[in-house]
Visitor: 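Here it is: the structure, laid out below.
Heads up: numbering here begins at 1 and tracks the sequence. Just so it is clear, the values below take in all heavy atoms, side chains as well, and ignore hydrogens, waters and symmetry mates.
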Amino acid sequence: MKARLSKWRLFTILAMVALVLSGCGEPFLSTLQPAGEVAQDQYDLMILSTLIMVLVIIVVVIVYMIAIIRFRRKKGDKTIPKQVEGSHTLEIIWTVIPIILLLILAVPTVTSTFKLADTKAMDKKDADGNREALVINVRANLYWWEFEYPDEKIITSQDLVVPTDQRVYFNVTASDVKHSFWIPAAGGKIDTNVDNVNKFFLEFDGEKAKEAEGLFYGKCAELCGPSHALMDFKVKALPQEEYTAWVEDMKNAGEPEPSSDLAKEGQEIFNNKCLACHAVSPQDGRPEQARTAPNLATFGERNRIAGVLDHNEEELKNWLSDPDQYKPGNKMTGTYGKLTDDEMDALAEYLMGLKVQD
């Protein structure tokens, strides 16, 4: 008996801890703190479905308790309780009520589904033939992300930059295996496939972006390989003026100039060993099939190396020494040969200097 009580106490404690922790979250990564139109719609549907579920549970528990307490068999009573089978009233009640509850949930769900699937605006053009909406092509790879702005003719990797308070439309695809594009605070997941393009839109609320200090986190939500859990990316949500300035800087970014003699040596090493896969210009014009590795034009501005390591030269050298140690199964391992310590120092100096904005 004592053992059973101990187990129930442990279960109760774990249940309470789970309930408390389920309310924890950060504004840059939590679906429970929606940061845009899509996320808010989906959050409202979650709340609606949860309320319906809780209501059903409460009603069932009340009916169950009434049946147990009021109609409990008294000691010595051997009579058969009144039977209610064949009651048309009860049959109608327990048929109609679930239908009503399903309709209450289905109508806003279907309405929201059609609303969020409407991407016709991404094809609208003005009198000059320019697209009116902002469109970004997302390409998922093992284990990194590429973001192409086709109308602006710029490309970046790992860091998605978007304006706040306007719809941003996405074409999502994959270059190797199925992945799933997900920014929890901004909206639900969508698959990135190798054989078709999926389309959807998100919107980033300016006030919510301020609360998150302008930075949201994105993830791959499809088990894609041994480093699936490490396939993260950052989303920089900027006010329209700052976003416009970023686009102009990216458009006008020239070939990066080494900042020191050591960085110049690093550039030569990069050109010999890395340039076949990596680009260092945001206006990289190579065809999609040739972009086999992340664009490094803004590498010096990022806050993570390979999406998982602290952004400093020491961690960069660790990554260059053994990429597979940090992201098992990545395609970079073994592609550029062994680097000496001097080459590592020079290459790190060059890469950390790759910036478009100071």
Side-chain angles (χ1 to χ4, degrees), residues 35-39 41-42 112-126 129-204 216-222 224 231-238 240 243-244 246-247 250-251 279 281-295 297-298 307:
E37 174 189 0
V38 176
D41 284 354
Q42 294 170 344
S112 182
T113 299
F114 278 95
K115 171 189 171 184
L116 299 181
D118 184 6
T119 59
K120 294 191 293 293
M122 69 191 301
D123 297 320
K124 291 183 179 178
K125 296 183 179 180
D126 60 22
N130 299 317
R131 188 159 21 206
E132 296 179 357
L134 172 60
V135 176
I136 300 176
N137 297 333
V138 177
R139 190 164 62 96
N141 310 266
L142 293 171
Y143 297 94
W144 57 279
W145 298 87
E146 178 182 88
F147 307 108
E148 178 184 12
Y149 301 71
D151 298 323
E152 291 77 12
K153 295 181 172 54
I154 56 177
I155 294 175
T156 185
S157 300
Q158 293 303 100
D159 286 359
L160 171 64
V161 181
V162 295
T164 57
D165 299 320
Q166 75 172 70
R167 288 186 178 183
V168 181
Y169 292 84
F170 296 91
N171 295 310
V172 297
T173 185
S175 62
D176 34 52
V177 300
K178 182 189 291 289
H179 300 276
S180 185
F181 181 75
W182 186 30
I183 307 172
K189 312 162 188 174
I190 188 167
D191 283 346
T192 67
N193 304 317
V194 296
D195 51 358
N196 71 287
V197 177
N198 285 331
K199 301 179 180 183
F200 79 126
F201 68 86
L202 295 173
E203 182 260 336
F204 298 82
F216 297 101
Y217 282 67
K219 303 182 71 66
C220 174
E222 182 78 36
C224 54
M231 193 171 164
D232 298 351
F233 62 94
K234 307 296 183 296
V235 183
K236 296 180 180 179
L238 305 177
Q240 185 62 55
Y243 173 77
T244 301
W246 176 81
V247 169
M250 293 289 281
K251 284 182 175 181
S281 169
Q283 305 97 22
D284 176 30
R286 290 182 290 178
E288 181 175 305
Q289 61 269 25
R291 301 198 296 266
T292 56
N295 187 296
T298 59

Visitor: Please report whether the ring centroid of Phe147 lies less than 6.0 Å from that of Phe233.
Guide: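 Close enough - the centres of the two rings lie under 6.0 Å apart.
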
Visitor: Heavy atoms only: give me the nearest Gln166-Glu203 pair and the separation to one decimal.
Guide: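 Where Gln166 meets Glu203 most closely, the heavy atoms are O-CG, 3.6 Å.
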
Visitor: When His179 is tested against each of Val194, Thr173, Val138, Leu142 for side chain to side chain contact (heavy atoms under 4.5 Å, CB included), which residue passes?
Guide: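 Of Val194, Thr173, Val138, Leu142, side chain to side chain contact (heavy atoms under 4.5 Å, CB included) with His179 is met by Leu142 alone.
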
Visitor: Could you walk me through whether Arg131 and Asp151 pass salt bridge (charged side-chain N to carboxylate O under 4.0 Å, His left out), step by step?
Guide: CA-CA 8 Å; Arg131 188 159 21 206; Asp151 298 323; 2.9 Å; yes

Visitor: Is the backbone of Lys199 close enough, under 3.5 Å, to the side chain of Thr119 for a donor and an acceptor to pair up by distance?
Guide: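 Checked: no pair found.
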
Visitor: Are the charged groups of Lys219 and Asp232 less than 4.0 angstrom apart, N to O?
Guide: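 Yes, this pair counts.
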
Visitor: Can you tell me how far apart CH2 (Trp144) and OG (Ser175) are? Round to the nearest 0.5 Å.
Guide: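 Those atoms lie 6.5 Å apart.
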
Visitor: Taking atom CD1 of Ile136 and atom CD of Glu152, what is their separation to the nearest 0.5 Å?
Guide: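 Here the rounded value is 8.0 Å.
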
Visitor: Quick one, Val177 and Cys224 - any side-chain contact, counting heavy atoms below 4.5 Å?
Guide: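 They are in side-chain contact.
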
Visitor: Just verifying a value: how many Å separate Glu148 CD and Thr156 OG1, rounded to the nearest 0.5 Å?
Guide: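 Spacing of CD (Glu148) from OG1 (Thr156) equals 11.5 Å.
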
Visitor: Is there a donor-acceptor pair closer than 3.5 Å between any side-chain N or O of Gln42 and the backbone N or O of Gly188?
Guide: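 Between the backbone of Gly188 and the side chain of Gln42 there is a qualifying donor-acceptor contact (under 3.5 Å).
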
Visitor: Are Trp145 and Phe181 close enough that their ring centers fall under 6.0 Å?
Guide: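 Yes: the rings meet the under 6.0 Å criterion.
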
Visitor: About how many Å separate CG of Leu116 and CD1 of Ile190, when rounded to the nearest 0.5 Å?
Guide: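 Going from CD1 on Ile190 over to CG on Leu116, the span is 10.5 Å.
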
Visitor: Has Asn295 got a side-chain atom pairing as donor or acceptor with Ala297's backbone, closer than 3.5 angstrom?
Guide: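 Yes, the answer is positive, given that a donor and an acceptor are paired below the 3.5 Å cut-off.
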
Visitor: Looking at side-chain heavy atoms only, is the closest gap between Thr298 and Pro282 below 4.5 Å?
Guide: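 No; the side chains remain at least 4.5 Å from each other.
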
Visitor: Is any side-chain heavy atom of Tyr217 closer than 4.5 Å to one of Lys234?
Guide: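 Side chain of Lys234 against side chain of Tyr217, heavy atoms only: contact under 4.5 Å found.
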
Visitor: Using the side chain to side chain contact (heavy atoms under 4.5 Å, CB included) rule, take Leu160 and Lys236 through it: C-alpha gap first, then chi angles, then the decisive distance, then the call.
Guide: CA-CA 6 Å; Leu160 171 64; Lys236 296 180 180 179; over 6 Å; no

Visitor: Which heavy-atom pair separates Val38 from Ala186 by the least distance, and what is that distance?
Guide: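 Minimum heavy-atom separation between Val38 and Ala186: CB-O, 3.7 Å.
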
Visitor: Are any side-chain N or O atoms of Asp118 and backbone N or O atoms of Lys120, one a donor and one an acceptor, separated by less than 3.5 Å?
Guide: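 Checking the backbone N and O of Lys120 against the side chain of Asp118, a donor-acceptor pair under 3.5 Å is found.
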
Visitor: Can you measure from CG (Asn198) to OG1 (Thr192) and round to the nearest 0.5 angstrom?
Guide: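 Nearest 0.5 Å value for the CG-OG1 distance: 8.5 Å.
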
Visitor: Of all residues at least two apart in sequence or in a different chain, which pass the side-chain hydrogen bond (donor to acceptor under 3.5 Å, both in side chains) check with Lys115?
Guide: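 Applying side-chain hydrogen bond (donor to acceptor under 3.5 Å, both in side chains) to Lys115 gives Glu37, Asp41.
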
Visitor: Distance-only, no hydrogens or angles: does the Asn193 side chain make a donor-acceptor pair with backbone N or O of Asn196 under 3.5 Å?
Guide: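 Side chain of Asn193 to backbone of Asn196: no pair is present.
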
Visitor: Cut-off 3.5 Å, side chains only: do Arg139 and Asn141 have a donor facing an acceptor?
Guide: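 Yes, a side-chain donor-acceptor pair sits under 3.5 Å.
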
Visitor: Do Leu202 and Ile183 have side chains that get closer than 4.5 Å, going by heavy atoms?
Guide: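 They are in side-chain contact.
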
Visitor: Would you name the heavy atoms of Val161 and Tyr243 that are closest together and state the gap between them?
Guide: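 That closest heavy-atom pairing would be O-CE1, 3.6 Å.
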
Visitor: Ignoring hydrogens and geometry, is there a side-chain-to-backbone donor-acceptor pair from Ser180 to Glu222 under 3.5 Å?
Guide: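 Between the backbone of Glu222 and the side chain of Ser180 there is no qualifying donor-acceptor contact (under 3.5 Å).
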
Visitor: Is the NZ or CZ atom of Lys189 both under 6.0 Å from the centre of the six-membered ring of Trp182 and within 45° of that ring's axis?
Guide: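 That pair qualifies as a cation-pi contact.
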
Visitor: Do Gln158 side-chain atoms and Pro294 backbone N/O form a donor-acceptor pair below 3.5 Å?
Guide: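 Here the side-chain-to-backbone pair does not exist.
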
Visitor: Could you check whether Phe201 and Phe170 have their ring centres less than 6.0 Å apart?
Guide: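 No, the ring centres sit 6.0 Å or more apart.
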
